[in-house]
Peer 1: 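Quick one: the structure is below, questions incoming.
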2 protein chains.
Amino acid sequence: MKKSAHSHAHDHAAEPLAELTSRLRQKSQRVTGPRQAILALLREHRHPMTNKEIHGALGKGDCDLATIYRSMHLLEEMGMVKRFDFGDGVARFELVTGDKHAHHHHLVCTCCADIVEIDDCFAAELEARVAAAHGFKTVTHKLEFFGVCPDCQQAGHSHDKAKRSRRKPCGC
Amino acid sequence: MKKSAHSHAHDHAAEPLAELTSRLRQKSQRVTGPRQAILALLREHRHPMTNKEIHGALGKGDCDLATIYRSMHLLEEMGMVKRFDFGDGVARFELVTGDKHAHHHHLVCTCCADIVEIDDCFAAELEARVAAAHGFKTVTHKLEFFGVCPDCQQAGHSHDKAKRSRRKPCGC
DNA sequence: CTGGTTGCAAACAATTTGCAACCCA
DNA sequence: TGGGTTGCAAATTGTTTGCAACCAG
């Protein structure tokens, strides 16, 4: 992994790490290298990453892919990361920063897979309405937008990193 | 496959079948037994079904699972069925009825997997707004709600956010 | 006849799991 | 020390694909 000066108390990673540490302790679980590395990586990358991407970014030898899967489950349960599903059959994760911006959605280019974050969520109130209308509780929602980004619109879009939907996004 | 009286012009399945027939012809493709059977089945079942469920409902010997996967891709491309992703790693499909109700969302119980359809979509205008704000085109969206249904609430089931990730909601 | 289709099996890819070695608290 | 963790490999599961037999038009 690209090691940042993570041994100093005032390290940037201190914030999420501190929370991790204390929370893990409460669950009588451990603050291990892989877990720290994953959090550190997600702090830099501000966009959702797949487990495979995380694995690659950490340096093949540093952490096993299976461990990443296990860690993401743990971190998700603890609410430290959020799972996103863009419909291509691969899970993506983002670090949950304590403050606002916590809840947001994405605008994904179906062509180049570029991702834009949409901060304002308006569906919140709907959640309540939907819940009330059908007697459901603890209602949450998933909302993502898909479209073709400016770049891809003009350039006879070269499906560079586009690979969403195990099936071709745009039929060209 | 369970062949319904599909040779009569006034057959219930006539509506979707007729459209299928004509559209397939235009694509110089064929109206086959499996395709008719799938459409007929989706007409009855008004809820999203997984390929495996469709396969089971058609009678193991009637249509191969692979054929169902291929058919769903075709039907999806033709806009006859719509694919939904509830985040559990399994695709679900619903027949697209020509009229309204065409665009709708779901409220899924994370415990018993029961599904309620939400007809009013409010995200439509947001699509336009989001598209304009970021220069994207042909913007669409996916929105689903998750929660605990009335039945499961009392039934003791406290698995609030049951793991819909990969495995069955809650194995109890 | 003939190209689109299907069944079957093998291939794939994402994710999960069993288990022995390992390490943090 | 001991139970949570990890790496490795094998197992699962959803989905796709190669190919020869088959069928709708």
Peer 1: Between D:dT15, C:dT5, C:dT15, which nucleotide gets closest to the side-chain atoms of B:V90?
Peer 2: D:dT15
Peer 1: Indicate the atoms forming the closest heavy-atom contact of A:L58 with A:I68, along with that distance.
Peer 2: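 Scanning both residues, the minimum pair turns out to be CD1-CD1, 4.4 Å.
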Peer 1: So if I take every side-chain heavy atom of B:R30 and compare against D:dG25, D:dA9, D:dT5, which nucleotide ends up nearest?
Peer 2: D:dG25
Peer 1: Can you identify which nucleotide, out of D:dG7, D:dT6, C:dT16, has its nearest atom closest to the A:T32 side chain?
Peer 2: D:dT6
Peer 1: Of all the nucleotides listed (C:dA25, D:dT5, D:dT15), which has the minimum atom distance to the side chain of B:Y69?
Peer 2: D:dT15
Peer 1: So if you build clusters from Ile, Leu, Val, Met, Phe, Trp, Tyr with side-chain heavy-atom gaps below 4.5 Å, do B:L39 and B:L65 land together?
Peer 2: no
Peer 1: If you check every side-chain atom of A:A66, which of D:dA9, C:dT15, C:dG4 has the closest atom?
Peer 2: D:dA9
Peer 1: Whole Å only: how far is the NZ atom of A:K52 from the P atom of C:dC12?
Peer 2: 13 Å
Peer 1: Please report the distance, rounded to the nearest Å, between CZ in A:F86 and P in C:dA14.
Peer 2: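 In whole Å, C:dA14 P lies 16 Å from A:F86 CZ.
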Peer 1: Taking the basic N atoms (NZ, or NE/NH1/NH2) and the acidic carboxylate oxygens, is any pair closer than 4.0 Å for A:R23 and A:E77?
Peer 2: no
Peer 1: Can you measure B:N51 atom CG to D:dT13 atom C1' for me and round it to whole angstrom units?
Peer 2: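 Spelled out: CG on B:N51 to C1' on D:dT13 is 13 Å.
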Peer 1: So, for B:H106 and A:H141, is the gap between ring centers shorter than 6.0 Å?
Peer 2: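 They do not qualify: ring centres at least 6.0 Å apart.
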Peer 1: Which residue, B:T21 or B:L65, contacts DNA chain D at a nucleotide closer to its 5' end, judged by nearest heavy atom?
Peer 2: B:L65
Peer 1: OP1 or OP2 of D:dT15 versus the side-chain N and O atoms of B:H73: is any pair under 4.0 Å?
Peer 2: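 No, B:H73 has no side-chain N/O under 4.0 Å of OP1/OP2 on D:dT15.
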Peer 1: Tell me: CZ of B:R25 to P of C:dT5, nearest whole Å?
Peer 2: 13 Å
Peer 1: Of A:R83, A:H104, A:H45, A:M49, which meets side-chain contact (heavy atoms from CB on, under 4.5 Å) against A:E94?
Peer 2: A:H104
Peer 1: Quickly work out the B:L74 CG to D:dT15 C1' distance and round it to whole Å.
Peer 2: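 Distance check: B:L74 CG to D:dT15 C1' gives 17 Å.
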Peer 1: Send over the distance from A:I68 CD1 to C:dT17 C1', rounded to a whole Å.
Peer 2: 17 Å
Peer 1: Grab the CG-C1' distance between B:L20 and C:dT5 for me, whole Å please.
Peer 2: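 Computing the B:L20:CG to C:dT5:C1' distance gives 14 Å.
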Peer 1: Could you please name the option among D:dT6, C:dT5, D:dC19 that lies closest to any side-chain atom of A:R35?
Peer 2: D:dT6
Peer 1: Looking at C:dA14, D:dG4, D:dG7, which one has an atom nearest to any side-chain atom of A:D64?
Peer 2: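 Output: D:dG7.
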Peer 1: Looking at the side chain of B:R70, which of D:dG14, D:dT17, D:dG25 is the nearest nucleotide?
Peer 2: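 The nucleotide sitting nearest to the side chain is D:dT17.
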Peer 1: What's the NE2-C1' distance between B:H55 and D:dT15, to the nearest Å?
Peer 2: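 It is 14 Å, rounded to the nearest whole Å.
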